[in-house]
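In what follows, a single structure is set out as structure tokens and then discussed.
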Amino acid sequence: TRRNETDTGAGVCPFHGAGAPSMAPNGCPVSPRAAAFDPFDRPYQLDPAEALRWSREQEPVFYSPRLGYWVVSRYDDIKAIFRDNLTFSPSIALEKITPASDEALAVLERYDYGMNRTLVNEDEPAHMARRRELLDAFTPEALEAHAPMVRRLVREKLDAIIDRGRADLVAEMFWEVPLTVALHFLGVPEEDMEQLRRFSVAHTLNTWGRPSPEQQVEVAEGVGKFWQYSGEVLRKMQARPEGHGWMYDMIEKNRHKPDIVTDNYLHSMMMAIIVAAHETTALATANAFRQLLSRPAVWADLCDNPALIPAAAEECLRHSGSVVAWRRIATREVEVGGVTIPEGGRILMVTASGNHDPAHFENPDELDIYRDNAVDHLTFGYGSHQCMGKNLGRMEMRIFLEEFTRRLPHLELEEQEFTFLPNTSFRGPEALWVRWDPVQNPERRDPAVRSAQRDFPVGAPSRQDIAREMVVAKVQTAAKGVLQIALEDPHGRRVPAWSPGSHVDLIVGDYVRKYSLCGEVDDPYWLQIAVLREEAGRGGSAWIHEHLKPGMPLRLRGPKNHFRLDESAGRYVLIAGGIGITPIIAMADRLKRLGKSYELHYAGRSRASMAFVERLERDHGETLRLYRKDRGERLDLAALLAEPSENTLLYACGPERLLAALEAGTHHWPEGSLHVEHFTAEGALLDPEHEHAFEVELTDSELVVEVAADRTLLQALRAAGVDVPSDCEEGLCGSCQVEVVEGEIDHRDKVLTAAERAGQDRLMSCCSRAKGKRLKLAL
Ligand code: HEM
């Protein structure tokens, strides 16, 4: 390792410590934990993310002598590997992780087994040439057409058990529905489903398992038969070229472009895709139901608020995905996370561990269906090989969840011990026993429940739907024209944690607005906001002032923080204009608690119209300066900002005029001194009349995407199947930031600083565009 180079002790690696039992191929000693790691042991089989916690925390890249692989466990390292498919070739993705015995090889030979390249394990340039040819079936429109079939299959299976009261959902439907969907999607005739399931199990054990010498032969028999079966199905399909489905697209390409889609390729793909397209989804669905049902409060939230289903499915894919590890091989000596991996080093990326990395996901071990960056998970891989079928998998999981939450909200998980097929990569319980009381089935009282389905658009979940149900606990006047509102959980549960600078998006009918949280940060049961009545607004605030009463339900998104307080500075200047006091008050409270030096400047029309003055005088009297217009008091920004300071941070919220003056008045301050919170996004909304179309080249996924004049870049990326997280979609929050490799940017957001803009290396995809005809993005 790199650290080994600076090692001063005789043969003792400071990274791995003394007593390292053996050496990695780069000569580095292997730590005892790394030496002991075995993915076929119980801890990894039961919970791979937990089994690698020590690695995430202490040794994020290590050599496993038992496996002969370099194991990578942190989010950023895994993503970096996925991004660079030239240095980290996927060619070993389907290699047998346990070498076959001679007897097993003989069996495979008897079946003429010749599984070779399929999309997932092939290098460039062949891979992208084929992938591009095969993308049409995965566009949102094409996938949308499969939704009714998925719905019908799920419903039939549910009808069959709904009066029973107890079932193993894996056996009843979780593998059969995805398998049937996969066969429909591929155009493969439905044949012996049980046999196909056995084939898939053999394929998984053969590729990712550690079968004993006796099992090897049995597994090889299964795999050999699966290979022959795939060949027979293919020949049948080739004989009726009028069929429809993705495999027919491939047969067609094989006919017209045999050099791109070769014969062996067709056969290999046939076998691999039957597994890829169903087992992944079957296991993911079982994992999701297990996780959700083992948290009755979360399940109840989903039943009450089905709009959360896409977000919940995504969070389950993050928390407990069905693909937990994936492989690459280093094509040259390369450093990953400070460790040198030699050329030819085999790499096991434990994506389940990356998905639990606290450096990327807050409280990563919690299943939080309101999490707004769950979509960043690595369960579908990332980059140019990212799962092509992800949106079909998502669709199936969502339909399962939607049917069950509506028709069996009283479903319960039975006490049981879960078992898993022993392998490194595919994970889900082999059985999932649930029970319910059929007498309570809602459709017995109201038959309309059976068919009252709700559909979700194809693609990544929209953050707009990640809303919580809350109830108004208290409404009081905080100042003239300002209401202070306390919100609580309808079930009396704790409210989500938040930090100073956080806001919530309040949803009242069609009205959505950001309000900063202004209560006590550690109040477990209330979230508090203050709402100014804005006569010039869209009427939402007036409605709130006139109609909001304790006990009323409300929906909100968040809390989220785009105005985070950096607690590392020595001194702070807090500036609030009018209702902009709301985030500032929470910051002042926090700074006081931290014992920091701070001053608080608060400007408003009159004392009567300024919220929280009494509380501020009580808690922050020594540092508070009030500027009341009706008394002729003026906040003199020029004087306040005259002396720039290295160690001082400025935080401000208030009218745009004030923020603009602050931005202009701090040019001579060190970059990054001023932090402001904008509440409106003038200029960020798309006006097609004044736009031009442009093209973006995506370096990670090797795609070129057109952005029409009437579309945002974010919309165009989504339509091309590229998942980019987003939130406000108004250029205010920074969630949809994308790295720019080349091209001139027309920035429209309110997030980036002047220096960040000048760097021309990132943009907010919801609003910013190309100045010219083309941009190159690291996506
Ligand atoms: C590739 C996971 C469903 C088709 C992959 C990869 C993973 C994955 C980890 C490798 C990605 C990489 O190397 O970056 C999953 C999961 C699924 C799912 C977790 C369900 C929850 C599906 C479905 C289909 C499908 C339903 C087909 C209809 C593919 C294909 C590839 C792939 C064709 C190869 C793409 C390439 O290499 O260019 N999937 N998959 N997957 N998946 Fe999926």
Side-chain angles (χ1 to χ4, degrees), residues 78-85 88-94 117-124 126-135 137-138 142-143 146 150 174-175 177-188 208 245-247 249-250 265 268-288 313-314 316-329 347-352 354-355 377-398 400 424-428 458 700-703 721 723:
I78 296 175
K79 199 151 180 180
I81 294 175
F82 270 128
R83 288 189 105 128
D84 182 355
N85 64 0
F88 303 100
S89 156
S91 59
I92 61 161
L94 300 181
R117 296 293 141 208
T118 73
L119 281 172
V120 82
N121 62 354
E122 83 194 329
D123 285 315
E124 304 308 341
H127 163 256
M128 275 319 286
R130 290 190 176 121
R131 181 164 164 134
R132 279 195 203 99
E133 293 290 337
L134 298 168
L135 273 174
F138 294 99
L143 289 179
H146 297 291
V150 178
F174 284 170
W175 69 267
V177 171
L179 179 54
T180 315
V181 172
L183 297 179
H184 275 270
F185 174 80
L186 299 172
V188 174
W208 295 284
W246 196 49
M247 278 312 292
D249 292 358
M250 231 176 286
Y265 192 76
S268 298
M269 195 69 200
M270 185 75 199
M271 176 164 157
I273 194 65
I274 289 179
V275 179
H278 96 271
E279 198 164 331
T280 48
T281 311
L283 297 172
T285 309
N287 287 333
E314 208 68 22
C316 290
L317 283 165
R318 181 199 69 84
H319 184 278
S320 206
S322 51
V323 177
V324 295
W326 210 245
R327 287 177 288 168
R328 294 288 188 259
I329 183 167
I347 300 171
L348 185 77
M349 301 172 281
V350 185
T351 44
N355 287 343
H377 67 75
L378 299 165
T379 304
F380 290 131
Y382 178 77
S384 60
H385 283 270
Q386 197 190 37
C387 178
M388 287 170 87
K390 63 185 177 183
N391 286 332
L392 187 58
R394 283 171 168 151
M395 175 197 290
E396 294 180 53
M397 292 174 74
R398 294 170 186 179
F400 269 121
T424 55
S425 297
F426 280 55
R427 182 172 180 278
V458 168
D700 293 348
S701 31
E702 302 196 24
L703 289 176
D723 301 336

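One-based numbering, in listed order, for ligands and for the atoms of each. Note: hydrogens, waters and symmetry copies are ignored here, and every other heavy atom, side chains too, is used.
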Note: ligand 1 atoms sitting under 4.0 Å from heavy atoms of Tyr382 are 14 (O)
Could an N or O of ligand 1 be found under 3.5 Å from any N or O of Leu317, whether backbone or side chain?
-> no
Side chain, backbone, both or neither: the part of Trp246 lying under 4.0 Å from ligand 1 by heavy atom = side chain
Salt bridge flag under 4.0 Å for residues Arg394 and Asp723 = yes
Where the closest heavy atom to atom 2 (C) of ligand 1 is concerned, which of Asn85, Thr379, Asn391, Leu135 has it?
-> Thr379
Shortest protein heavy-atom distance from atom 3 (C) of ligand 1, along with the residue and atom involved | Thr280 OG1, 3.2 Å
Structural part of His127 in contact with ligand 1, heavy atom criterion under 4.0 angstrom | side chain
Please state whether the rings of Phe185 and Phe138 are parallel, tilted or perpendicular, taking 30° and 60° as the class boundaries.
-> tilted
CG of Leu94 to CZ of Arg327, rounded to nearest 0.5 Å, is 7.5 Å
Can you say whether the rings of Phe174 and Phe400 are parallel (under 30°), tilted (30 to 60°) or perpendicular (over 60°)?
-> perpendicular
Within 4.0 Å of some non-hydrogen atom of Gln386, the atoms of ligand 1 are 14 (O)
Check whether any side-chain heavy atom of Asn121 lies under 4.5 Å from a side-chain heavy atom of Ile92, and answer yes or no.
-> no
Please report which non-hydrogen protein atom sits nearest to atom 24 (C) of ligand 1, along with the residue it belongs to and the distance in Å to one decimal place.
-> Gly389 CA, 3.4 Å
Between His385 and His127, ring centroids under 6.0 Å = yes
Could you list the atoms of ligand 1 found under 4.0 angstrom from a heavy atom of Phe82?
-> 12 (C), 13 (O), 14 (O)
Relative to Tyr265, does Arg117 satisfy both conditions: NZ or CZ under 6.0 angstrom from the six-membered ring centre, and within 45 degrees of the ring's axis?
-> no
Which heavy atom of the protein is the closest neighbour of atom 8 (C) of ligand 1, given with residue, atom name and distance?
-> Cys387 CB, 3.6 Å
Return yes when Lys390 approaches ligand 1 closer than 4.0 angstrom through a heavy atom, no otherwise.
-> no
Do the charged groups of Glu702 and Arg131 touch, with an N to O distance under 4.0 Å?
-> no
Interatomic distance, Leu317 atom CG to Asn287 atom CG [nearest 0.5 angstrom] | 9.0 Å
Pair Phe82 and Trp326, ring centroids less than 6.0 Å apart | no
The atoms of ligand 1 lying under 4.0 Å from a heavy atom of Leu392, numbered in the order shown, are 28 (C)
Would you call Asp249 and Met247 a side-chain contact if the rule is heavy atoms closer than 4.5 Å?
-> no
Of the options Glu314, Arg318, His319, which is the one that meets His377 in a side-chain hydrogen bond (donor to acceptor under 3.5 Å, both in side chains)?
-> Glu314
Residue and atom name of the nearest protein heavy atom (relative to atom 10 (C) of ligand 1), distance in Å to one decimal | Trp326 NE1, 3.5 Å
May I ask you to list the atoms of ligand 1 that are less than 4.0 angstrom from any heavy atom of Ala284?
-> 21 (C)
Classify the side-chain pair Asp700/Ser384 by whether it contains a donor and acceptor separated by less than 3.5 Å.
-> no
Going by the order shown, which atoms of ligand 1 are within less than 4.0 Å of some heavy atom of Arg131?
-> 35 (C), 36 (C), 38 (O)
At the 4.0 Å heavy-atom cut-off, does Ser322 count as touching ligand 1?
-> yes
So which protein heavy atom does atom 31 (C) of ligand 1 come closest to, and at what separation?
-> Met388 N, 4.0 Å
Measure the shortest side-chain to side-chain distance between Leu119 and Met269 over non-hydrogen atoms and say whether it is less than 4.5 angstrom.
-> yes
What are the atoms of ligand 1, with element, lying closer than 4.0 Å to any heavy atom of Phe185?
-> 28 (C)
Answer with yes or no whether Gly383 contacts ligand 1, where contact means a heavy atom under 4.0 Å from a ligand atom.
-> no
Which protein non-hydrogen atom lies closest to atom 27 (C) of ligand 1, naming both residue and atom, and how far is it?
-> Ala277 CB, 3.6 Å
Note the single closest protein heavy atom to atom 11 (C) of ligand 1, along with its residue, its atom name and the distance in Å.
-> His385 O, 3.2 Å
Could you tell me which atoms of ligand 1, counted from 1 in the order shown, lie closer than 4.0 angstrom to a heavy atom of Val323?
-> 2 (C), 9 (C), 19 (C)
Should Arg328 be listed as contacting ligand 1, given a heavy-atom distance under 4.0 Å as the test?
-> yes
